[in-house]
Amino acid sequence: MSVLVEVPVVAGPVLSVDGLDVTVSGGALAVQGVSFTLGRGEAVGLVGESGSGKSLTCRSALGVLPAGCEVTGGRITLGATGSGAPTELSALTRKQWNAVRGRRVGAVFQDPASYLNPSLTVGRQLAEQLRVGRGLPRAAAHTRAVELFGAVGLHRPDEVFHQFPHELSGGMLQRVLIAIAVSCEPELLIADEATTALDVVIQAEILELLARLRAEQGLALLLVTHDLAVVAESCDRILVMYAGQIVEDGPTAEVLAAPSHPYTEALLRVASLGVWGRRELDIIPGRPPEAGAELPGCRFADRCAHTTPQCTAGPVALYELGDGRRARCLRPAASGAAV
Ligand SMILES: Nc1ncnc2c1ncn2[C@@H]1O[C@H](COP(=O)(O)OP(=O)(O)O)[C@@H](O)[C@H]1O
Ligand SMILES: [Mg+2]
């Protein structure tokens, strides 16, 4: 069963994040000047240690920041559609958000059970989304829901329709959430650690499903993960975050073959020690600064083997290195690579 839809040909990125600042409760600037774009149909992997600001970045693009956290700088823009102009998300009212979230941007998170209503069948929850989001009448929503459950690889989708969340495994629940997330044919799917809690085999199946949906629906994917191997397999580009900032950005193969930022290098070094398991990013010696800590220079300086007095003297820019690569480091910039 296919979920094939016609993808309108529109120029420009699906998502542009430009100088995003997020302030958390207590006043710390936990996301600092994050800028990146996501092309149509492109898959971008967002990696970094826990606490680096990945989820706050994703949640800003969905208008679902935790209580006490707010966007205090920058812009997030959804690209133009066939007929409409670009949509600046920070300017949206609550009602306008409802036309974006779940419709133009879908999302899946780590803990699918907590995003489902435990007292309603999963079929009813998907059908409701189709009724509200796509205006389908009840019978058509039911038929489409069963079809979508089949398309995301759930066996006996007509039976799954009548099951409650507690009757399904974690992998099945994640498929249900993916079906809900893509049901309104969004341009962008944000998957924040969506496979982290699943065992390796199920994780691989879910990643394969996301890749297939991407190919069929032409959706762009922002994939947040701890796992560099996941990015290597599934993403065109990699964005590396450290202590609230983007420190490296570029085509996945090139960045992983020859990282420009010492933090990316460190991630790769520990990832290659596969014996430590799949959450290797947490074992780089030293600790990142507190979220929002005000430091004069490079935020990685006290964990870096190459630190010079210049690194801590003042803010380090995200230098353009050519070939679609950027790094927030003086070394590649000074070696003449900067353009
Ligand atoms: N609800 C919150 N209240 C206060 N601080 C928060 C909240 N959520 C996140 N933070 C802070 O912002 C930082 C980044 O969080 P997050 O984006 O969730 O990191 P990641 O997803 O990369 O693990 C955290 O280290 C934490 O200090
Ligand atoms: Mg997170």
Side-chain angles (χ1 to χ4, degrees), residues 2-20 34-47 54 57-63 74-92 96-97 99-108 133-134 148 151-152 178-192 194 206-225 230-241 246 248-255 320 322-326:
S2 168
V3 287
L4 202 63
V5 290
E6 269 190 39
V7 183
V9 180
V10 196
V14 170
L15 179 74
S16 307
V17 178
D18 187 14
L20 176 71
V34 163
S35 299
F36 65 92
T37 58
L38 194 59
R40 294 186 190 269
E42 188 179 36
V44 169
L46 179 58
V47 299
K54 305 181 298 295
T57 300
C58 293
R59 287 175 175 280
S60 301
L62 289 162
R75 288 148 59 97
I76 305 181
T77 312
L78 276 186
T81 53
S83 52
T87 309
E88 199 194 321
L89 300 182
S90 44
L92 297 187
Q96 289 170 322
W97 262 118
V100 168
R101 197 187 305 118
R103 306 207 191 166
R104 298 190 58 193
V105 186
V108 269
R134 304 208 58 202
L148 276 166
V152 296
I178 291 171
I180 293 174
V182 301
S183 61
C184 297
E185 290 154 16
E187 297 135 70
L188 168 64
L189 181 67
I190 296 178
D192 186 357
I206 297 282
L207 290 168
E208 219 168 89
L209 166 64
L210 292 177
R212 183 165 59 76
L213 291 172
R214 227 186 110 202
E216 287 177 354
Q217 293 203 5
L219 39 73
L221 182 64
L222 180 60
L223 187 76
V224 177
T225 172
V230 166
V231 179
E233 278 161 33
S234 351
C235 297
D236 308 311
R237 256 174 53 224
I238 184 167
L239 280 171
V240 183
M241 268 189 97
I246 301 282
E248 179 146 18
D249 172 15
T252 307
E254 280 87 335
V255 170
E320 300 276 350
D323 298 326
R325 297 188 58 169
R326 300 183 298 166

Next on the checklist: Between Glu216 and Arg212, does the salt bridge (Lys or Arg N to Asp or Glu O under 4.0 Å) criterion hold? Intermediate values first, please.
Outcome noted: CA-CA 6 Å; Glu216 287 177 354; Arg212 183 165 59 76; 3.4 Å; yes

May I ask you to test the [X]-[Y] pair for a side-chain heavy-atom distance under 4.5 Å?
X	Y	result
Val108	Asp192	no
Leu210	Leu223	yes
Val240	Asp249	no
Ser60	Leu20	yes
Val105	Trp97	no
Pro186	Leu219	yes
Leu78	Leu15	yes
Glu248	Arg325	yes

Is there a donor-acceptor pair closer than 3.5 Å between any side-chain N or O of [X] and the backbone N or O of [Y]?
X	Y	answer
Thr252	Cys235	yes
Thr77	Thr87	no
Arg214	Leu189	no
Arg40	Gly12	yes
Asp18	Gly74	no
Arg101	Gly63	yes

Closest non-hydrogen atom pair, [X] against [Y]:
X	Y	result
Leu46	Lys54	O-CD, 3.8 Å
Thr37	Glu42	O-OE1, 4.2 Å
Leu38	Leu188	CD2-CD1, 3.2 Å
Gly133	Cys184	CA-SG, 3.9 Å
Cys58	Val224	SG-CG2, 3.4 Å
Leu89	Ala61	CD1-O, 3.5 Å

Next on the checklist: Less than 4.0 angstrom from a charged side-chain N to a carboxylate O is my criterion; do Glu185 and Arg134 meet it?
Outcome noted: yes

Checklist entry - Between CG of Leu239 and CE of Met241, what distance do you get to the nearest 0.5 Å? => result 9.0 Å

Checklist entry - Where do Val44 and Leu221 land on the side chain to side chain contact (heavy atoms under 4.5 Å, CB included) test, with the steps shown first? => result CA-CA 6 Å; Val44 169; Leu221 182 64; over 6 Å; no

Checklist entry - With Glu88, which residues qualify under salt bridge (Lys or Arg N to Asp or Glu O under 4.0 Å), at least two apart? => result Arg75

Next on the checklist: Could you work out, with side-chain hydrogen bond (donor to acceptor under 3.5 Å, both in side chains) as the rule, every residue matching Ser35, not counting sequence neighbours?
Outcome noted: none

Next on the checklist: What verdict does the side chain to side chain contact (heavy atoms under 4.5 Å, CB included) test give for Val231 and Thr225, after you've listed the backbone C-alpha separation in whole Å, the side-chain angles of each residue and the deciding distance to 0.1 Å?
Outcome noted: CA-CA 8 Å; Val231 179; Thr225 172; 3.5 Å; yes

